[in-house]
Structure formats: C-alpha cells, structure tokens
Amino acid sequence: MKTRVLRAMAAVSILTITVPASAVPGPRVSVATVAELHQPLPLPYDEKADADRQVAQAKARAKASGKRLLIDMGGNWCPDCRVLAGIFELPEVKAFIERHYVVVTVDVGRLDKNQQIARHYGIQKLNGVPAVLIVDPRTDKLLNADRLFALSDARHMTPQALADWLAQWI
C-alpha cells in the first residue's frame with residue numbers, strides 16, 4: 001500500500017513539474033479518485049480497426065478544425081488504458097477534449113500490433129501503454145516525444161492530474 005501511495009505521489013508531482021505555466025487550465029474534474037469512475041470501465045480499442053486509415057482520417061479532421069490530434073495507443077487488457085478512457089468519458093473532460101482535440105484510439109495488441117504508427121513519429125518501440133501521442137496535424141510533428149508514457153500509470157493518478165496533463169498541449 002505504501003508503495004502505491006508513493007507511486008501516485010510521484011506521478012502527480014511529475015505532472016505538476018511538467019505542466020508549463022502558460023498552459024490552458026484543464027477542466028475541473030467531478031471525481032476525486034479513479035475509484036469514483038463509472039463501472040465497468042470502457043473498452044476503447046477496436047481490435048479489428050484499420051489503424052492507419054483511422055489515424056489518417058483523424059489527422060485530416062484535426063487539421064481542418066485547427067485542433068490537435070491525440071493518438072491513444074493501448075489495449076483493452078490494460079487497466080491504465082481503461083482508466084484513461086473512463087476519465088475521457090467524464091462529461092467535463094469529454095467536452096474539453098472535443099473543444100481541443102481529435103482523438104483516435106489505436107489497439108496495439110500485446111505491444112505487437114500497429115507499431116508502424118508509433119514508428120511514423122520516431123518511436124521505435126512502445127515501452128508501455130497507454131502511450132498518448134499529441135500531434136500538430138499541420139506539421140505532422142509529435143509534440144510530446146519526451147512524455148509519451150506519462151499516463152501509463154493512470155490508475156494511480158488523480159483524474160484531475162490526468163485532465164491537467166491534457167491541457168498542457170493546447
């Protein structure tokens with residue numbers, strides 16, 4: 001238990017340190033802990049989807065709308081991926097995301113599927129999931145190369161910390 005608390009505190013402090021002062025404020029989240037999320041948690045990844053086509057379509061929509069592209073790479077087997085999806089479904093977070101991002105989810109299997117998407121952005125191998133890629137669709141440039149795995153411990157973070165992390169890329 002002590003280890004979990006320390007990991008959660010470390011994750012929150014990392015997020016606090018990495019959020020620039022000029023960031024748009026994140027939405028105020030209505031739940032304080034992951035345990036308060038609606039159950040069962042979502043299964044957000046379509047294992048049969050054509051990920052290349054979906055990413056290309058999402059990128060085109062993001063470019064046309066002036067929004068950032070958020071590529072959520074993970075698997076339905078991953079508890080942190082499902083927690084992240086649950087937080088994304090909170091009404092206040094969902095509205096924030098819809099204002100600022102076009103989101104596409106990409107199933108990575110057991111880290112053995114759709115790796116070409118990560119490689120396109122200079123990531124040779126995913127080290128964990130969820131891996132959240134924030135892309136400027138005008139330049140196709142990855143904006144968070146040094147923080148791809150910041151949310152890979154989502155179940156030990158506060159929903160507010162996750163929402164604040166999203167806000168820094170606006």
Side-chain angles (χ1 to χ4, degrees), residues 3-29 31-37 41-42 44-45 51 55 58-59 62 67-90 92-94 96-108 110-111 114-115 117-137 139-170:
T3 303
R4 280 191 196 162
V5 171
L6 291 174
R7 286 175 64 189
M9 289 172 58
V12 171
S13 66
I14 288 169
L15 286 174
T16 303
I17 291 168
T18 60
V19 176
S22 61
V24 171
R28 291 299 111 210
V29 179
V31 298
T33 68
V34 169
E36 297 174 61
L37 293 174
L41 291 169
Y45 305 96
V55 169
K59 189 184 317 175
K67 298 176 182 180
R68 300 274 193 226
L69 173 63
L70 187 155
I71 305 172
D72 174 5
M73 301 186 76
N76 291 329
W77 54 267
C78 167
D80 294 299
C81 298
R82 295 183 65 197
V83 164
L84 184 62
I87 291 169
F88 281 8
E89 288 298 315
L90 291 171
E92 60 278 12
V93 176
K94 188 174 188 167
F96 180 84
I97 289 171
E98 288 174 357
R99 273 193 311 278
H100 300 288
Y101 291 101
V102 171
V103 177
V104 61
T105 57
V106 174
D107 177 61
V108 297
R110 294 287 180 165
L111 300 177
N114 291 318
Q115 298 300 308
I117 292 169
R119 282 192 299 275
H120 174 81
Y121 293 103
I123 305 154
Q124 294 310 306
K125 184 176 188 311
L126 291 178
N127 296 322
V129 289
V132 178
L133 288 66
I134 308 295
V135 176
D136 180 339
T139 62
D140 201 31
K141 180 181 177 195
L142 180 63
L143 301 176
N144 67 320
D146 59 340
R147 293 179 249 170
L148 296 173
F149 306 105
L151 306 181
S152 64
D153 197 25
R155 65 191 144 150
H156 296 115
M157 299 166 77
T158 67
Q160 188 62 59
L162 292 167
D164 291 342
W165 187 89
L166 284 173
Q168 71 182 304
W169 306 107
I170 306 303

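For the pair Ala163 and Val93, the tightest heavy-atom approach, listed with the atom from each and the gap, is CB-CG2, 4.4 Å. The shortest heavy-atom contact between Ala51 and Ile117 is CB-CD1, 3.5 Å. Closest approach of Ala150 and Trp165 over heavy atoms only: CB-NE1, 3.5 Å. Counting all heavy atoms, side chain and backbone alike, Arg68 lies closest to Pro137 at CA-CD, 4.2 Å. What you find for Ala32 and Thr158 is that their closest heavy atoms are O-CB, 4.1 Å. The two residues Pro130 and Ser152 come nearest to each other via the heavy atoms CD-CA, 3.7 Å.
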Chi angles and distances behind the side chain to side chain contact (heavy atoms under 4.5 Å, CB included) call for Ile134, Gln168: CA-CA 10 Å; Ile134 308 295; Gln168 71 182 304; over 6 Å; no

Chi angles and distances behind the side chain to side chain contact (heavy atoms under 4.5 Å, CB included) call for Val129, Trp77: CA-CA 10 Å; Val129 289; Trp77 54 267; 3.8 Å; yes

From CA spacing to verdict: side chain to side chain contact (heavy atoms under 4.5 Å, CB included), Ile71, Val135: CA-CA 8 Å; Ile71 305 172; Val135 176; 4.2 Å; yes

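We find the CE-CG distance between Met157 and Leu162 to be 4.5 Å, quoted to the nearest 0.5 Å. In this structure, CG in Leu84 is found 10.5 Å from CD in Glu89, a value given to the nearest 0.5 Å. A distance of 11.0 Å separates SG of Cys78 from CG of Leu41, quoted to the nearest 0.5 Å. Distance check: Leu37 CG to Arg82 CZ gives 11.5 Å after rounding to the nearest 0.5 Å. Atoms OH and CE, from Tyr121 and Met73 in turn, are 10.0 Å apart once rounded to the nearest 0.5 Å. Here the CG atom belonging to Leu126 is positioned 8.0 Å from the CG atom belonging to Leu148, to the nearest 0.5 angstrom.
Each of Leu133, Leu70, Leu69 was evaluated against Val104; a single residue qualifies, Leu69, per the side-chain contact (heavy atoms from CB on, under 4.5 Å) test. Applying side-chain hydrogen bond (donor to acceptor under 3.5 Å, both in side chains) to Tyr45 and the options Asp72, Asn114, Asp107 leaves one that passes, Asp72.
Proximity of Ile170 to Phe96: side-chain heavy atoms (C-beta onward) are separated by under 4.5 Å at one or more points.
Remark: Asp136 does not engage Lys67 in a salt bridge, criterion side-chain N to carboxylate O under 4.0 Å.
With hydrogens and angles disregarded, no donor-acceptor distance shorter than 3.5 Å links the side chain of Arg119 to the backbone of Gln124.
A side-chain donor from one of Gln160 and Asp164 sits under 3.5 Å from a side-chain acceptor of the other.
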